[in-house]
Protein chains: 2
Amino acid sequence: MKEIEHGFVMTGAEPNKNDGVENREAATGGLDVMLCFAIYGAAHAFTRAYKPLLEPLGLTYPQYLVMMALWAEDGQKVKALGDRLGLDSGTLSPLLKRLEQSGLVKRKRDAEDERQVKITLTPQGVELKERSAGVMEAIGEATGCSLEEVGMLRAALVGLKDRLEGAEER
Amino acid sequence: MKEIEHGFVMTGAEPNKNDGVENREAATGGLDVMLCFAIYGAAHAFTRAYKPLLEPLGLTYPQYLVMMALWAEDGQKVKALGDRLGLDSGTLSPLLKRLEQSGLVKRKRDAEDERQVKITLTPQGVELKERSAGVMEAIGEATGCSLEEVGMLRAALVGLKDRLEGAEER
DNA sequence: CGCAATTCAATTGCGTGCAATAGATTTATG
DNA sequence: CATAAATCTATTGCACGCAATTGAATTGCG
């Protein structure tokens with residue numbers, strides 16, 4: 001138990017602790033690593049926090065995101081859902097199949113364009129919206145963030161995501 | 001295409017757009033949903049950004065995190081790695097097996113406590129640290145964040161994660 | 001019109017994440 | 001000391017997440 005305090009970048013070490021590394025690149029690199037690890041951890045923490053709330057509804061967290069997209073706009077195509085959620089058909093196809101087996105949505109080939117599949121909420125799918133009302137509230141409480149904090153954090157993360165995705169294409 | 005502008009919380013809709021909902025809970029709920037979705041998206045964006053950088057090294061992103069933990073402190077037990085990375089044995093056991101098959105680490109039962117398994121870097125595992133030097137730098141560039149931004153974001157996310165995890169246990 | 005290129009959903013394969021369980025070992029308790 | 005409780009790793013099963021491929025349908029181009 002002697003080497004617990006070693007300044008490992010992924011723990012809560014302070015940004016300015018750069019043991020023996022003096023060039024700027026390595027220092028910033030350490031910070032960015034900490035950032036990506038913080039996001040990694042926060043994302044998992046969110047999923048874990050949602051899990052017990054969604055379990056009574058019979059939904060996983062990604063399924064909940066899909067249902068929210070459909071509650072906002074019913075009858076979307078798989079492609080549109082994928083664009084909005086950042087998921088491809090390899091993820092959505094089996095997920096939607098499970099939602100269909102749960103009786104929450106219906107999948108139907110579009111008559112006008114047979115390539116597309118339209119996802120429609122069943123009455124049970126619509127009804128689930130009310131039953132899920134408490135979920136957002138509970139999560140909001142668990143975050144313990146002010147509205148300003150949430151807004152700023154969200155904006156920063158969206159900007160970060162856009163820059164990361166923009167960098168790929170160059 | 002008439003209902004594209006519907007205020008769906010997961011898109012870039014402004015926080016103050018609360019169509020017909022006047023109670024505070026629902027408004028904060030919407031914001032928190034946007035926050036968790038922003039984190040979800042940013043986390044995936046990070047993973048995607050790392051992927052092409054780590055591919056030449058033969059590592060996935062979680063494997064890279066494990067290797068970083070070992071570069072910081074070699075010879076850690078599986079439990080210690082799990083605590084640090086927030087992963088359990090169900091994730092780490094197969095991951096470490098793959099790292100061993102790649103020749104980067106060795107797994108050995110601890111002689112003093114046969115329940116524990118000690119993970120040690122092979123010479124190739126040690127050598128990979130140098131070859132991965134450019135990864136952090138490239139990611140740092142892709143984020144396009146100032147050091148202050150990164151530090152603040154990271155602190156906010158760590159705090160958020162702690163609060164979410166603390167809320168579970170109550 | 002006819003054929004190539006594109007678009008879209010589904011499938012396959014692999015690697016996480018995590019709950020639940022199993023198996024072995026160590027520690028605690030009577 | 002013996003037995004129960006706790007600890008630790010591995011395994012199983014399920015659900016993503018994504019690259020790559022397939023197959024069907026549509027669009028574009030000559």
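Residue numbering restarts at 1 for every chain, and letters A, B, ... go by the order of the sequence lines. Everything quoted here is computed from the prediction, not taken from an experiment.
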Mind checking what makes side-chain hydrogen bond (donor to acceptor under 3.5 Å, both in side chains) contact with [X], not counting sequence neighbours?
| X | result |
| --- | --- |
| A:Arg131 | none |
| B:Glu114 | none |
| B:Lys79 | B:Asp83 |
| A:Asp110 | none |

Send over the distance from [X] [atom1] to [N] [atom2], rounded to a whole Å.
| X | N | atom1 | atom2 | answer |
| --- | --- | --- | --- | --- |
| B:Tyr61 | C:dT16 | OH | C1' | 13 Å |
| A:Lys118 | C:dA9 | NZ | P | 13 Å |
| B:Leu59 | C:dC14 | CG | C1' | 16 Å |
| B:Leu87 | C:dG15 | CG | C1' | 13 Å |
| A:Arg107 | C:dC8 | CZ | C1' | 14 Å |
| A:Ile119 | C:dA9 | CD1 | C1' | 10 Å |

Inset, instruction - Would you please confirm or rule out a distance under 4.0 Å between OP1 or OP2 of C:dT16 and any side-chain N or O of B:Gln63? - result: yes
Inset, instruction - Among B:Leu59, B:Val66, B:Leu121, find the one that has a side chain to side chain contact (heavy atoms under 4.5 Å, CB included) with B:Leu104. - result: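 Of B:Leu59, B:Val66, B:Leu121, side chain to side chain contact (heavy atoms under 4.5 Å, CB included) with B:Leu104 is met by B:Leu59 alone.
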Inset, instruction - Would you mind listing every ring-ring contact (aromatic ring centres under 6.0 Å, His included) that reaches into residues 63-87 of chain A, with sequence neighbours excluded? - result: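 Output for this query lists A:Tyr50-A:Tyr64.
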Legend entry - Results of side chain to side chain contact (heavy atoms under 4.5 Å, CB included) for B:Val78 - residues two or more places apart only: B:Leu92, B:Leu96, B:Val117, B:Ile119
Excluding sequence neighbours, so at least two apart, what forms salt bridge (Lys or Arg N to Asp or Glu O under 4.0 Å) with [X]?
| X | result |
| --- | --- |
| A:Asp113 | A:Arg115 |
| B:Arg98 | none |
| B:Glu149 | none |

Inset, instruction - Could you pick out which residue, A:Asp88 or A:Thr60, lies toward the 5' side of DNA chain D when each is mapped onto its nearest nucleotide? - result: A:Thr60
Inset, instruction - Return the 5'-most residue of the pair B:Lys79, B:His44 with respect to DNA chain D, ranking by each residue's nearest nucleotide. - result: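 Per heavy-atom nearest nucleotide, the more 5' residue is B:Lys79.
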Legend entry - Contact nearer the 5' end of DNA chain C, comparing A:Arg109 with A:Lys51: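 By nearest-heavy-atom nucleotide position, the 5'-most residue is A:Arg109.
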Inset, instruction - Could you check whether B:Gly86 gets within reach of a base, just the sugar-phosphate, or nothing at all, counting any heavy atom under 4.0 Å? - result: sugar-phosphate
Inset, instruction - State the pairing partner of D:dG30; accept Watson-Crick or G-U wobble contacts with both distances under 3.5 Å, and report none otherwise. - result: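 Base partner found: C:dC1.
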Inset, instruction - Keeping the roles fixed (side chain from B:Ser132, backbone from B:Lys129), state whether a donor-acceptor pair exists under 3.5 Å. - result: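 Such a contact is found between B:Ser132 side chain and B:Lys129 backbone.
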Inset, instruction - Check each residue of residues 91-106 of chain B for a non-hydrogen atom within less than 4.0 Å of any atom in DNA chain C, then write out the ones that pass by number, or none. - result: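 B:Thr91, B:Leu95, B:Arg98 - these, ordered by number, are the residues of the stretch whose heavy atoms sit under 4.0 Å from the strand.
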Atom pairs under 3.5 Å: protein N/O with N/O of nucleotides 22-29 of chain C:
{"residue": "C:dT26", "atom": "OP1", "partner": "B:Glu114", "partner atom": "N", "Å": "3.3"}

Legend entry - Minimum heavy-atom distance A:Pro62-A:Leu95, with the two atoms named: CB-CD1, 3.8 Å
Inset, instruction - Under 4.0 Å from any heavy atom of chain A: name the first and the last nucleotide of DNA chain D that qualifies, 5' to 3'. - result: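 Nucleotide range in contact with chain A: D:dA15 to D:dT26.
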